[in-house]
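So the structure is just underneath, and the comments pick up after that.
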There are 2 protein chains.
Amino acid sequence: MPKKVDHAARREEIVQAALRLCARDGLAGVTIGQVAQEAGVSKGLVQHYFAGKADLLRASAQILREEIERHVREAVRDARGPADTLRRVLFAIVELGVTAVVPLLAGHAFLSMAVADPEIRALYRAGGDAVHREITALLAASGAAPDVDPGAEAHALLGLARGLADGVLLGEFGVDDAAAIVDHHLRRILPGVAAGPGTPSSPPVSE
Amino acid sequence: MPKKVDHAARREEIVQAALRLCARDGLAGVTIGQVAQEAGVSKGLVQHYFAGKADLLRASAQILREEIERHVREAVRDARGPADTLRRVLFAIVELGVTAVVPLLAGHAFLSMAVADPEIRALYRAGGDAVHREITALLAASGAAPDVDPGAEAHALLGLARGLADGVLLGEFGVDDAAAIVDHHLRRILPGVAAGPGTPSSPPVSE
DNA sequence: TTTTTGACGATACGAACGTATTGTGATTTC
DNA sequence: GAAATCACAATACGTTCGTATCGTCAAAAA
């Protein structure tokens, strides 16, 4: 039998190349040949690991989701209490505009596919719902003001964070401006919870 | 001399076909041939009106922006006072998720192009900045609470609206839920301004 | 009426696409 | 050590892309 390789790892290498291309040139720039070149392998190898282009894109969307999830989960790792966790989650999402431009851009490119492809759409929905549930729970555990409905407020916060991430991505404002906006809203929702001691982001940079 | 036709109108017809394809299949599905077929004209005619594919895409992004701007401007037409206008602007943006799925999806597809193509990027920035200025002005004129910075709050509201539009687009919640969220935030920002008498959207639908 | 001009269609062509096919080593099992 | 197996490269093939070119017809100007 032949050399034993980590099938999943090899697939991920190729997918990462695909995501890079997707962020640089859009979904249109993702071709088997380009992906192979970007990954530094032969075109044949891409075929060896993926049944076809659709398979490649499907896997890319999947890993894209995991990538963002990992990013958020990492930002939350050593958070103190639900309020701090919530803050870090939202910051992490906003920071995608600069920290993880590739996944974010690729995500946008995939969004149009999500409408046509039910499998990718399900992936989007699952991801969004998971974050929403998480934020709802954090909100409920953070001692929110009595007039806030955790479910609705979670939709608001998630929407706000996503919208701000796009603003950061397009350079309309900086991460720190976005972070300040998030903090401002959190302070309104969570009375008595001051801004967390450690800002996960880098020191302020003038726009 | 030959038959005189409205050059701009013919270009727009073709662009509309391109945008439809873009929303249905993503940017990858926009080919000269497909656009021609969708528009019901020959491939040669598309060439006749556009110097090349890049020209077509550029024009599409331009018209896309005008389309959304028209949509918002129409929603604002018979608004009463700055607070009501602001509310209608935000509602219009949120409603893009159902009313103008084509422009919204196409916009997402173009977003990745905006990073690479400086011309399209400038278009995005100009559009975003214009809306931001508008919202800032409306906010200042609406008698906002003393602790709100109109500029920052405008970024927040615009971000919120954009994020909610995506949520609506993906079916995470309904337009009415999103509208309620917007209203809730507006009430906090603009004390003393009750919800406008006429909700532009349809009656509540359970998710 | 003749000429001219541009709208528009049909076709041609090279490049690049996705995929199918084949070939070649290296490595593990027997 | 022979045989089987899989990672991986190379090539070939049919399709579709964007674009260039040519042809045609109608209408305005002469």
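Chain letters run A, B, ... following the sequence lines, proteins first, then strands; residues in each count from 1.
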Heavy-atom closest pair (A/S60 atom, A/A18 atom, distance to 0.1 Å) is OG-CB, 3.9 Å
Heavy atoms of B/F110 and B/A61 approach each other most closely as CZ-N, 4.0 Å
Could you give the [atom1]-to-[atom2] distance, from [X] to [N], as a whole number of Å?
X: B/L45; N: C/dT11; atom1: CG; atom2: C1'; result: 16 Å
X: A/D6; N: D/dA7; atom1: CG; atom2: P; result: 11 Å
X: A/Y49; N: D/dC6; atom1: OH; atom2: P; result: 12 Å
X: B/H48; N: C/dC8; atom1: NE2; atom2: P; result: 7 Å
X: B/F50; N: D/dA20; atom1: CZ; atom2: P; result: 16 Å
X: A/R10; N: D/dA7; atom1: CZ; atom2: C1'; result: 9 Å

Stepwise, does the side-chain hydrogen bond (donor to acceptor under 3.5 Å, both in side chains) test hold for A/E66 with A/Q62? CA-CA 6 Å; A/E66 293 171 5; A/Q62 171 71 31; 3.0 Å; yes
Checking D/dA7, C/dG6, C/dG9 against the side chain of A/V5 (C-beta onward), the nearest is D/dA7
In B/S/- notation (B base, S sugar-phosphate only, - none; protein heavy atoms under 4.0 Å), nucleotides 13-22 of chain C written 5' to 3' is ----SBBB--
**Asked** Should the pair A/H108 and B/H108 be assigned to parallel (<30°), tilted (30 to 60°) or perpendicular (>60°) ring geometry?
**Response** parallel
Exercise for the section: Please step through side-chain hydrogen bond (donor to acceptor under 3.5 Å, both in side chains) for the pair B/E12 and B/Q16, ending with a clear verdict. Expected result: CA-CA 6 Å; B/E12 171 135 6; B/Q16 291 294 348; 3.2 Å; yes
Report the residue from B/E69, B/R70, B/R65 that forms a side chain to side chain contact (heavy atoms under 4.5 Å, CB included) with B/E67.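 With B/E67 as partner, side chain to side chain contact (heavy atoms under 4.5 Å, CB included) holds for just one option, B/R70.
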